[in-house]
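To start, the structure under review is shown below, and the notes come after it.
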Amino acid sequence: DPAKLYEIVTAGLGGKAFRGPAGAPRVPSEQIAPIFPLPSNLKLWRKIEEALRAPQNHHVQLVGDMGDGKNLLMLVTARLRNQGARLVSSHGRMTQRDLLERERAVRHEDGSSSTEEVPSEFVEGAQAGELVIFDEVHKMRPRVRGTLNRPLQKGEVVLPSGEVGPFNEESRLAFLTNHHGGIYKGHPPTPEFLDRVVTIKVDYLPADEELALLRWFAPDVDQDLLKRLILVANKIRENYRSATPIMPWPVSTRALIRLARHLQTFPADQQRIPYVFQKIYWIPEDLPEARRLLHNLLTGATIGKFSDVAPTDPLVLEPVTRTVGDQQRRVLRSARRAADGRLWDIVEHPMFDGQADGHVPGVTLQEDEKGPTNLERIHDLMKDLVLGEHIMLIGDMGTGKDWIEDVLATLLGQPIVTVMGHEGTRPSDFTQREVARRSLEEAAGLTAWRRRAEALNEVDCCLDLARARLNGIDEDELSG
């Protein structure tokens, strides 16, 4: 119960407690902000709440590595307080105007549309008394971040029009940032900024707490195996933080959760842990030394004894019918057939069969294309789809990236929209598009995202500010 946990976390704290009214808008849901009451989390929630209650400088900055739970800590804080929350994705090309205003499409009675400048998500949230969360604020340029000094100091903002917009006294700002340097490119905080916030350090969970968290997601996976995975993760983290690191980035708690969920859902892959591990903790091919070290770490933890090669039993791909309640439902099944005819390593995904609107590619998998390589790719991609993963296909041109996604969409009968990325792609291109007279309508990409069926092509060409918009896509109900 969030209300009861809030009482426990804040017991004995001074200052003014905050509990929003029942039915308060934009409060993170349980799906967006699940609560894991581990000792380290409880201590951090208490520190955060203590900072938010301060009579002055009651805004917080969480500093840590990627995937260590900073976003979740703040979203759960909003849930415990029953306070609306908004997520703002920061990026290196953000301007002062972006921080304060945004374009919004307006539809008129005659069916036409136009644009107007309205307060940004940040300003709207602060004026509504919400918790505004700035993600990856280290990417924000110093001049832009300097625009936040007045809101932090006086609780108001000067809009581009010159109008002064006062904030609701209950609003709070939270800034999430990675350690400066290494893989985290950006700008260190200025003394003026640091003087106006309470900085709280976030680290990866201790091994015993990380184990408890993984067991929550993977109760059927052997506990000793989970311990060894955490051991490998901690050795990678230690190497990354050393004076002469070989590993390009740390293994995040988020990555370990994804690995645990995969092994729980597809237990046959517990014999292919090196392969699954390297799908989630991906090391580019131009870093052979890091790849060798990862292999040695997995071997040293006796995880490397498991094969990273696909089993030799052939794959069978076919539609089958399943009974769900009193209804019949068709699913696409991919499974390995053993010599005795037994099916194992089974993955099944619902088929849409024309029940969803939109364009289905219609790229049929021919008999001569049903070779082991293509079937293995489809088998793996189906597992990722079942787990709700976002997928990035990397390869040289002409290696079949577009083809394999079109084939899979056709097999499932699922509509797909391809959004071409380029060096001029902007964040707004993912959510709206220009039509005649500079009016705006919902972009194909956003329509597809509502159906969970979007392909972003050539995304490596997109500007950083456009890719940054994708970081918060799982919290789309928060980020407007």
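Throughout, residue positions are numbered sequentially from 1 according to the sequence presented.
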Provide the closest heavy-atom pair for L263 versus Q270 in the form atom of the first, atom of the second, distance.
O-NE2, 3.4 Å
Determine, for [X] against [Y], whether the closest basic-nitrogen to carboxylate-oxygen distance falls under 4.0 angstrom.
X: E121; Y: R26; value: yes
X: D65; Y: R237; value: no
X: R172; Y: E49; value: no
X: D68; Y: R254; value: no
X: R102; Y: E117; value: no
X: D224; Y: R228; value: yes

Does any non-hydrogen side-chain atom of [Y] lie less than 4.5 Å from one of [X]?
X: L381; Y: L393; value: yes
X: L62; Y: F175; value: no
X: V137; Y: L176; value: no
X: E30; Y: R79; value: yes
X: L412; Y: L385; value: yes
X: L38; Y: L213; value: yes
X: I200; Y: Q61; value: no
X: I394; Y: K401; value: no

Donor-acceptor contact present, side-chain [X] to main-chain [Y], <3.5 Å:
X: D1; Y: K4; answer: yes
X: E50; Y: L13; answer: no
X: K139; Y: R93; answer: no
X: T265; Y: H262; answer: no
X: N239; Y: P245; answer: no
X: Y204; Y: G69; answer: no

Under 3.5 Å, is there a donor-acceptor pair between the [X] and [Y] side chains?
X: E136; Y: T177; result: no
X: N168; Y: Q127; result: no
X: H108; Y: S114; result: yes
X: E130; Y: S171; result: no
X: S120; Y: E101; result: no

More than 12 heavy atoms of other residues, nucleotides or ligands under 6.0 Å from NZ of K235: is that the case?
no
Checking Q56, Q153, H58 against R196 for side chain to side chain donor-acceptor pair (under 3.5 Å), the one that qualifies is Q153
From the list R258, R261, K279, side chain to side chain donor-acceptor pair (under 3.5 Å) with E389 holds only for R258
Interatomic spacing from CD in E210 to CG in L214 - rounded to 0.5 Å:
6.0 Å
Any chance you could lay out the salt bridge (charged side-chain N to carboxylate O under 4.0 Å, His left out) test for R241 and D203, step after step, and finish with the verdict?
CA-CA 12 Å; R241 293 172 175 173; D203 204 348; 2.9 Å; yes
On the 0 to 90° scale, with breaks at 30° and 60°, tag the F122-F167 ring pair as parallel, tilted or perpendicular.
perpendicular
Is it true that W249 and Y240 have ring centroids separated by less than 6.0 Å?
no
Side chain to side chain contact (heavy atoms under 4.5 Å, CB included) for M382 and L408? Distances and angles first, verdict last.
CA-CA 8 Å; M382 285 180 61; L408 187 53; 3.8 Å; yes
Could you go through the side chain to side chain contact (heavy atoms under 4.5 Å, CB included) check for D380 and Y275 one step at a time?
CA-CA 11 Å; D380 278 355; Y275 172 73; 2.2 Å; yes
